[in-house]
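So the structure is just underneath, and the comments pick up after that.
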Amino acid sequence: MVTCCFQIWPWFRRRHRRGHRITGRVYVLAGVVPAGVTAVYIGLHTPFGPSTMVGNIVIALLWLFVTLRGFLAARARRFDEHRRWMIRSFVLTMSIIVSRIFAIPAIISLAQVVDTVYAGSDELMLQSATSINIWLSLAFSLVISQWWLERDGGRRRRAARPAPTP
């Protein structure tokens, strides 16, 4: 997560291109690839039910996919494409934090109905809360990354547009 933050920091990218390349390789090869593969394994063996299992696997595979697409785009010197894929990778990397934030209201809300909806089963309630966390964090992360890309694209288009002549 630390190397990922260095990757999106504009000042660091502009002033330390070599450092950006090095931390980028560390992020991809020592961070995302082993963590993504491990996340798939953990997803397959989660005790929190099938919805959480599928959610974890989807996030892990999507994270690996977007990161590798970004890495390969950089290797091919397609830096605009690289940047777009790596923004998605950054947001998916941070989705684990987002899921923890969503956990609090989900557990508090579902704990109120554990006796009625879940027949007193705390285990079923936790499975539902975990599933909500996974899927909400994925959806939220994808929306944020798309917003970021669209917002930035609009700025670039406005900046590239010539000023009107009086």
Side-chain angles (χ1 to χ4, degrees), residues 1-46 48-104 106 129-164:
M1 287 181 171
V2 171
T3 58
C4 186
C5 291
F6 274 103
Q7 293 309 109
I8 64 158
W9 186 13
W11 178 87
F12 183 78
R13 273 196 329 265
R14 279 193 308 272
R15 296 227 162 102
H16 304 284
R17 290 180 188 240
R18 186 167 187 266
H20 176 75
R21 280 192 305 272
I22 291 168
T23 57
R25 288 180 183 131
V26 169
Y27 169 68
V28 172
L29 301 173
V32 175
V33 171
V37 171
T38 303
V40 170
Y41 177 82
I42 289 170
L44 288 169
H45 297 91
T46 185
F48 295 108
S51 178
T52 300
M53 177 185 72
V54 172
N56 281 329
I57 292 169
V58 166
I59 288 176
L61 293 175
L62 193 57
W63 188 32
L64 286 165
F65 174 76
V66 301
T67 303
L68 291 175
R69 287 287 307 258
F71 182 76
L72 294 174
R75 302 284 297 160
R77 306 191 64 73
R78 294 187 314 267
F79 296 117
D80 208 35
E81 183 182 333
H82 161 73
R83 184 181 161 281
R84 294 178 66 80
W85 285 111
M86 295 314 278
I87 286 171
R88 292 178 183 111
S89 177
F90 167 78
V91 172
L92 286 169
T93 299
M94 296 304 165
S95 73
I96 192 68
I97 295 170
V98 172
S99 76
R100 298 315 185 258
I101 293 168
F102 287 142
I104 297 165
T130 306
S131 179
I132 288 167
N133 299 338
I134 295 298
W135 290 105
L136 265 181
S137 72
L138 175 61
F140 182 79
S141 298
L142 294 175
V143 166
I144 290 298
S145 66
Q146 196 57 38
W147 168 80
W148 189 344
L149 292 168
E150 295 295 322
R151 177 186 126 287
D152 190 52
R155 283 184 183 171
R156 283 186 179 182
R157 282 191 294 275
R158 282 191 298 275
R161 197 178 312 145

Set of side chain to side chain contact (heavy atoms under 4.5 Å, CB included) partners for A103, sequence neighbours left out: N133
How close do Y41 and H45 get, counting heavy atoms only, and between which atoms? O-ND1, 2.8 Å
If I compare all heavy atoms of A106 with all of I132, which pair ends up nearest, and what's the gap? CB-CG2, 4.2 Å
Gap separating the CD1 atom of I134 from the OG atom of S95, nearest 0.5 angstrom: 7.5 Å
Quick check for you: to the nearest 0.5 Å, what is the distance between I87 atom CD1 and S145 atom OG? 8.5 Å
Sequence neighbours excluded, the answer for side-chain hydrogen bond (donor to acceptor under 3.5 Å, both in side chains) partners of R78 is E81
Which side-chain N or O atoms in residues 48-57 pair as donor and acceptor under 3.5 Å with protein atoms at least two apart or in another chain?
from: S51; atom 1: OG; to: S131; atom 2: OG; distance (Å): 2.4
from: S51; atom 1: OG; to: W135; atom 2: NE1; distance (Å): 3.2
from: T52; atom 1: OG1; to: F48; atom 2: O; distance (Å): 3.3
from: T52; atom 1: OG1; to: S131; atom 2: N; distance (Å): 3.3
from: N56; atom 1: ND2; to: T52; atom 2: O; distance (Å): 3.4

Do R88 and Q146 come close enough that some side-chain heavy atom pair is under 4.5 Å? yes
What is the minimum heavy-atom distance between I96 and S99, and which atoms define it? O-OG, 2.9 Å
Search all heavy atoms of F90 against all heavy atoms of Y27 and return the closest pair with its distance. N-OH, 3.9 Å
Could you pull out all residues at least two apart from F79 that satisfy ring-ring contact (aromatic ring centres under 6.0 Å, His included)? none
May I have all residue pairs that pass salt bridge (Lys or Arg N to Asp or Glu O under 4.0 Å) and include part of residues 26-39, sequence neighbours excluded? none
Pairs under 3.5 angstrom only: tabulate donor-acceptor contacts from the side chains of residues 58-72 to other protein residues two or more places apart or in another chain.
from: W63; atom 1: NE1; to: T93; atom 2: OG1; distance (Å): 2.8
from: T67; atom 1: OG1; to: W63; atom 2: O; distance (Å): 2.7
from: T67; atom 1: OG1; to: S89; atom 2: OG; distance (Å): 2.6

F140 meets the side chain to side chain contact (heavy atoms under 4.5 Å, CB included) criterion, sequence neighbours left out, with V98, F102, I144
Among all residues two or more places apart in sequence or in another chain, which pass the side chain to side chain contact (heavy atoms under 4.5 Å, CB included) test with R18? R21, I22
